[in-house]
Amino acid sequence: MKEKGKSTFRKIEYHRKESFYLIVRGIEVGIAAGLVCVLYRFLLSKAEEYLYTVIDYVKGNPFKTAVWLVLLAVLGAGVSFIIQWEPLSGGSGIPQVTGEIRGHFSHNWLRVIAAKLIGSTASIFSGLSLGREGPSIQFGAMAAKGVATVTKADKTTELRMISCGAGAGMAAAFNAPLAGIMFVLEEIHHTFDKAILCMGIVATVTADFVSKIFFGQGTVFNFNADNLPLRYYWLIIILGLFLGIFGSLYNIVMVKGQDLYRKISKIPGWVKLAFVFVISGIVGLLLPQVLCGGHSMVDFLLKEHPGVSVMLLLIIAKFLFGAFSFSSGAPGGTLYPLTVLGTYIGAVFASAATDLFNLTGDLREEFIVLGMAGLFASIVRAPLTGVIVVFEITGNMHTLLPLVAVSLVSYATANMLGSAPFYSALLDRILKGKENVPSKAGEKVLKTYVVPTGSSISGKRISDIDWGKHCLIVSVERNEVPITPKGDTVILEGDELVVLISQRRFARDINRLERIINNDKT
């Protein structure tokens, strides 16, 4: 009995120390990620400011316009060479981070930060329809990896820090700390890990605090959304269905656009990207509202109250120009532009509903907010993250229930249509034909999984399951009580499994484990 008491005390003491350790690591990650993302946000704000100044200066003057387009071509070629120097700096950054966490890549964190800062700032200065959130997530992850490298963290801790750094980057980009950690758990890990949750919450809150020191405490968008009367909730289902269809179309066009761009292999990369930058310059002269992330589009929507025909024109233009910009592989994200598209779809739906069903005009901004969340859920396929991120960037307390409803409907619709989740599809294309990164001999990684309801391994003994010769179950936690695993230990739904995996086969083994635990037959 005395021996049992000592054992229990040791476990409690271990968990106390681990929690303190995770909190300290979270603070380190949050500060590093926050500072890098603050620098990035500052550079982007200046790039966008100078872009519109240049457009106003050259517009109407053929000679100045020609010089501007030549400068854009040079910038495009320069960005292409930067991507060739550091290939993992191109594109969104989110699939690259997911690939690192899952063992497919090993970033040179300093090179990625330098290349992405220069390339993404140049892309925004050129007007490409790209957002800041993807690069911010990658910056946060790479800053965290830098801290892990400098402090000589073990591989398990390093991967946890990279995950939490990604969430901290999103928090700093959107002033949305809860959305940051939820994005990591729902989109990147697809499981619940208490260690990542603990470290991640500290990291995202710290990064958000650092960001607010420099940019203030205001929300990204300011909407005055009113409560949607219960008698109109059936409209949410219609809006969700429409957003699910549009989100599926968005994913298909974005992915096919990248495939088409890569098929033009005979043209050198620097020529193709120079052409993309020049087209962006022309678009900026004709329709400047669709440039960059799209904040000016939202301001135009809220202040000018454009008609349906103008909103539809801007939706089509932003959608096509966004696909064109992203397909080029230029450094930049898509989450911010897609939320802007969502606001316009919501506004168009509100106008149609007002005319058809005599809704009051003060519900317009409610549907604008719902459009953001629903489109996010259908494209990214992370409905909880969509609800939280829109809730945080709008700061509106009245929209939570409608946000959940529209996100679930759009998410289910997109799933039924069968289009792949956006970032999963991007990662699959990056991985095509590429080998996993070499790893140091003897390195091991601890990975945590929660056994879901209906899992095929529930009710089976550990010895009855083929985990693979490179995987070892080192702990089973049930109702927050650690159990020493043995061959005859029966696994139950809700158990938290801690698996020791060889780093040499990490990418293959975690995919295999997820299929076993989640009943995924693919």
Side-chain angles (χ1 to χ4, degrees), residues 26-48 79 82-83 85-101 105-125 130-150 158-177 179-181 183-184 187-188 199-200 203-215 220 292-293 330-336 389 423 426:
I27 293 172
E28 293 173 350
V29 168
I31 292 173
L35 289 174
V36 174
C37 291
V38 161
L39 173 61
Y40 177 58
R41 281 183 65 174
F42 173 76
L43 292 175
L44 288 199
S45 66
K46 290 300 179 183
E48 193 166 344
V79 171
I82 288 172
I83 296 172
W85 175 66
E86 180 48 69
L88 292 175
S89 69
S92 162
I94 294 175
Q96 290 89 331
V97 171
T98 304
E100 167 115 7
I101 291 170
F105 309 134
S106 181
H107 292 73
N108 181 318
W109 64 273
L110 196 54
R111 276 172 51 133
V112 170
I113 289 176
K116 197 89 171 186
L117 271 176
I118 298 170
S120 183
T121 303
S123 297
I124 293 299
F125 178 66
L130 299 169
R132 67 183 183 225
E133 70 302 314
S136 294
I137 288 170
Q138 192 173 21
F139 284 134
M142 292 301 97
K145 185 174 184 179
V147 173
T149 302
V150 170
E158 179 185 287
L159 291 176
R160 286 174 175 172
M161 292 173 73
I162 291 172
S163 300
C164 298
M170 187 171 187
F174 276 140
N175 289 355
I181 186 59
F183 182 82
V184 170
E187 170 60 23
I188 295 179
M199 187 193 297
T204 54
V205 170
T206 303
D208 183 48
F209 181 79
V210 170
S211 176
K212 284 175 177 173
I213 290 174
F214 291 91
F215 298 108
V220 176
C292 306
T334 58
L335 288 181
Y336 198 94
V389 73
Y423 293 115
L426 293 181

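In what follows, every heavy atom counts, from backbone to side chain, and hydrogens, waters and symmetry copies are set aside. On a predicted model such as this, the values are computed, not experimentally measured, just so you know.
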- Over all atoms of both residues, closest heavy-atom pair of Ala122 and Val79: CB-CG2, 3.7 Å

- Do the side chain of Ser45 and the main chain of Phe42 share a donor and acceptor less than 3.5 angstrom apart? yes

- Message: Among residues at least two apart in sequence or on other chains, which ones pass ring pair (Phe, Tyr, Trp, His ring centres under 6.0 Å) with Tyr336?
- Response: Phe221

- Query: Taking only residues two or more places apart in sequence, or in another chain, which ones meet Thr204 in a side-chain hydrogen bond (donor to acceptor under 3.5 Å, both in side chains)?
  - Reply: none

- Message: Looking at Leu335, is its backbone amide N or carbonyl O close enough to the side chain of Glu133 to form a donor-acceptor pair, meaning the two atoms are under 3.5 Å apart?
- Response: yes

- Note on the structure: When every non-hydrogen atom of Ser123 is compared with those of Leu130, the smallest separation belongs to CB-CD1, 4.2 Å

Please tabulate, for side-chain N and O atoms in residues 138-147, each donor-acceptor pair with protein atoms closer than 3.5 Å (sequence neighbours left out).
residue	atom	partner	partner atom	Å
Gln138	OE1	Lys116	NZ	2.9
Gln138	NE2	Leu88	O	2.8
Lys145	NZ	Glu100	OE2	2.8
Lys145	NZ	Ser106	OG	3.4
Lys145	NZ	His107	O	2.7

- For the pair Phe209 and Val205, evaluate side-chain contact (heavy atoms from CB on, under 4.5 Å) and give the outcome as yes or no after the intermediate values. CA-CA 6 Å; Phe209 181 79; Val205 170; 5.5 Å; no

- Are any non-hydrogen side-chain atoms of Val389 and Phe183 less than 4.5 angstrom apart? no

- Would you list the pairs meeting side chain to side chain donor-acceptor pair (under 3.5 Å) in which at least one residue belongs to residues 88-99, sequence neighbours left out? none

- Note on the structure: Looking only at heavy atoms, the pair that brings Ala172 and Ala207 closest together is CB-O, 4.3 Å

- Residues in side-chain hydrogen bond (donor to acceptor under 3.5 Å, both in side chains) contact with Ser211, at least two apart in sequence or another chain: Arg41, Asn175

- Message: Please report the interatomic distance CD1(Ile137) to SG(Cys37), rounded to the nearest 0.5 Å.
- Response: 9.0 Å

- Query: Who passes side-chain hydrogen bond (donor to acceptor under 3.5 Å, both in side chains) against Lys46, sequence neighbours left out?
  - Reply: none

- Item | Distance, nearest 0.5 Å, that separates CD1 of Ile101 from CG of Leu159 | 7.5 Å

- Query: Is a side-chain N or O of Arg160 found less than 3.5 angstrom from the main chain of Gly200, in a donor-acceptor match?
  - Reply: no

- Message: Tell me every residue that passes salt bridge (Lys or Arg N to Asp or Glu O under 4.0 Å) with Glu48, counting only those two or more places apart in sequence or in another chain.
- Response: none

- Item | Flag side-chain contact, heavy atom, 4.5 Å: Phe105 against Val97 | no

- Query: In Å, rounded to the nearest 0.5 Å, how long is the span from OG of Ser136 to OH of Tyr40?
  - Reply: 5.5 Å

- Query: Quick one: side-chain contact (heavy atoms from CB on, under 4.5 Å) partners of Leu39, sequence neighbours excluded?
  - Reply: Leu43, Leu117

- What pair of heavy atoms forms the shortest contact from Ser120 to Pro135, and how long is it? OG-CG, 4.0 Å

- Message: Taking side-chain contact (heavy atoms from CB on, under 4.5 Å) as the definition, give me every residue that meets it alongside Phe214, ordered by chain and number, with sequence neighbours left out.
- Response: Leu35, Val38, Val210

- Side-chain contact, heavy-atom cut-off 4.5 Å: Asp208 with Phe174? no

